Asker: 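Can you read through this structure? Questions will come right after.
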Amino acid sequence: MAPQRRAATKAPEGNGAAERRNRSSTKKDRAPREVQRLWQRPWLRTAGLGAGFVLTALLLWSSLGADDGVAEVLARRGEVVAGRFIEVPCSEDYDSHRRFEGCTPRKCGRGVTDVVITREEAERIRSVAEKGLSLGGSDGGASILDLHSGALSVGKHFVNLYRYFGDKIQNIFSEEDFRLYREVRQKVQLTIAEAFGISASSLHLTKPTFFSRINSTEARTAHDEYWHAHVDKVTYGSFDYTSLLYLSNYLEDFGGGRFMFMEEGANKTVEPRAAPPSCRSSSQRGNFSSLPGRVSFFTSGSENLHRVEKVHWGTRYAITIAFSCNPDHGIEDPAFP
Ligand SMILES: O=C(O)CCC(=O)C(=O)O
Ligand SMILES: [Fe+2]
């Protein structure tokens with residue numbers, strides 16, 4: 001070891017600087033021997049090994065489960081949130097857009113509810129996501145399917161599902177799938193309106209509205225880089241209120257992948273949670289899987305800067321449904337072609 005080699009070297013006599021060097025190195029070199037002596041004490045060795053084990057386990061846990069210092073969990077995977085709302089001051093982002101009184105956010109914030117979407121609805125909408133996304137898929141870790149425009153990730157690009165499959169799309173999706181989207185959208189719209197004290201009819205579904213499927217495959221294009229912090233109003237333009245319906249379970253279907261509101265020194269996380277795929281029997285379901293689908297919603301300005309942690313294992317499904325106050329940015333519900 002390097003300290004022992006230095007201790008064996010004698011400095012020439014009469015050289016003050018060398019002596020000072022020598023004195024200090026002798027003092028330093030005593031340390032390893034003392035450490036060795038201490039290390040020979042069994043209780044200390046056990047304590048040292050124990051501490052090492054705990055540290056390794058902590059590092060491993062943090063690398064599998066999270067990649068940010070987390071101060072607060074807004075919604076834990078195992079709890080049923082009956083409606084939690086946190087008000088935050090609005091950013092000025094809305095001032096640079098046309099204002100629609102009674103809709104454009106004056107009250108800003110973020111909410112989570114587990115009592116709006118039933119387990120059955122979450123399971124059914126997840127199977128729509130699965131069958132749609134199974135027709136394509138990005139080469140990187142993040143794939144999307146936009147039921148409104150038909151955009152589907154394939155390889156490093158997107159195709160228009162409706163154009164690509166033509167009439168055959170009717171063998172893939174059913175009227176029922178689109179009815180389900182509409183029902184879920186309506187429920188989310190009412191939830192947002194109530195939480196922010198606005199009329200549901202002032203909200204207009206806006207684009208893009210899409211399913212996302214994320215796994216741990218390395219990103220191939222910028223479209224796969226879902227983990228960057230962003231502001232939805234900046235990224236998507238028309239968004240005033242964003243909602244996310246989670247279709248898979250944190251730590252059961254995937255690790256990492258928590259949603260995070262970014263705040264100075266105190267990120268707030270939402271742990272995605274939904275029912276499992278209907279093909280699994282109830283005996284195979286984990287403890288949390290019988291719980292209903294989780295919806296998170298928030299005003300889309302920079303008061304709600306957010307990101308998604310990298311997914312470390314498994315597959316994460318979600319659907320983004322957003323609303324604009326500007327009727328010109330409104331779209332119809334996705335329709336059966
Ligand atoms: O999937 C999520 O949890 C968030 C997705 C997101 O931030 C977005 O679609 O803009
Ligand atoms: Fe976002």
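What you see is a predicted model; the values in this text were computed from it and never measured. Remember, it's 1-based here, ligands and their atoms both numbered in the order they're listed.
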Asker: Please name the atom of His306, limited to N, O or S, that comes nearest to the Fe ion (ligand 2).
Answerer: NE2

Asker: Quick test: of every protein heavy atom, which one is nearest to atom 5 (C) of ligand 1, and how far off is it to 0.1 Å?
Answerer: Leu244 CD2, 3.8 Å

Asker: Does ligand 1 have any atom sitting under 4.0 Å from a heavy atom of His230?
Answerer: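 Yes.
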
Asker: Hey, does the Lys NZ or Arg CZ of Lys107 hover above the aromatic six-ring of Phe85, less than 6.0 Å from the centre and inside 45° of the axis?
Answerer: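 Relative to the ring axis of Phe85, which defines the angle, Lys107 lies inside both limits.
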
Asker: Which option out of Tyr236, Trp227, Phe239, Phe259 puts a heavy atom nearest to atom 8 (C) of ligand 1?
Answerer: Tyr236

Asker: Does Tyr226 approach ligand 1 within less than 4.0 angstrom via side chain, backbone, both or neither, non-hydrogen atoms only?
Answerer: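 Contact part for Tyr226 vs ligand 1: neither.
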
Asker: Salt bridge check: are Arg126 and Glu130 linked by an N-O gap of less than 4.0 Å?
Answerer: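 Salt bridge present between Arg126 and Glu130.
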
Asker: Asp232: which N/O/S atom is nearest the Fe ion (ligand 2)?
Answerer: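 Per the distance ranking, Asp232 contributes OD1 as its closest N/O/S atom to the Fe ion (ligand 2).
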
Asker: Closest non-hydrogen protein atom to atom 4 (C) of ligand 1, residue and atom name please, with distance?
Answerer: Val308 CG2, 3.5 Å

Asker: Assess the pair His306 and His230: is the distance between their ring centroids shorter than 6.0 Å?
Answerer: yes

Asker: Within ligand 1, which atoms have a heavy atom of Asp232 less than 4.0 Å away?
Answerer: 10 (O)

Asker: Do Leu133 and Phe211 come within less than 4.5 Å of each other through their side chains, counting heavy atoms only?
Answerer: yes

Asker: Find all atoms of ligand 1 within a distance of less than 4.0 Å from any non-hydrogen atom belonging to Tyr246, and give their numbers and elements.
Answerer: 2 (C), 3 (O)

Asker: For Arg77, does its backbone N or O pair with a side-chain atom of Glu271 as donor and acceptor, under 3.5 Å?
Answerer: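 Yes; judged by distance alone, with no hydrogens or angles, the pair exists.
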
Asker: On the six-membered ring of Phe259, is Arg307 placed so that its NZ or CZ lies under 6.0 angstrom from the centre and within 45° of the ring axis?
Answerer: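 Judged by the rule, Arg307 and Phe259 form no cation-pi pair.
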
Asker: Which of the numbered atoms in ligand 1 are under 4.0 angstrom from any heavy atom belonging to Arg316?
Answerer: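 Those qualifying, in numeric order: 1 (O), 2 (C), 3 (O).
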
Asker: State yes or no: do Val116 and Val184 share one hydrophobic cluster built from I, L, V, M, F, W and Y residues joined by side-chain heavy-atom distances below 4.5 Å, directly or via other members?
Answerer: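 Yes.
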
Asker: Quick one: which ligand 1 atoms are inside 4.0 Å of a heavy atom on Thr320?
Answerer: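 Under 4.0 Å from Thr320, ligand 1 has these atoms: 9 (O).
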
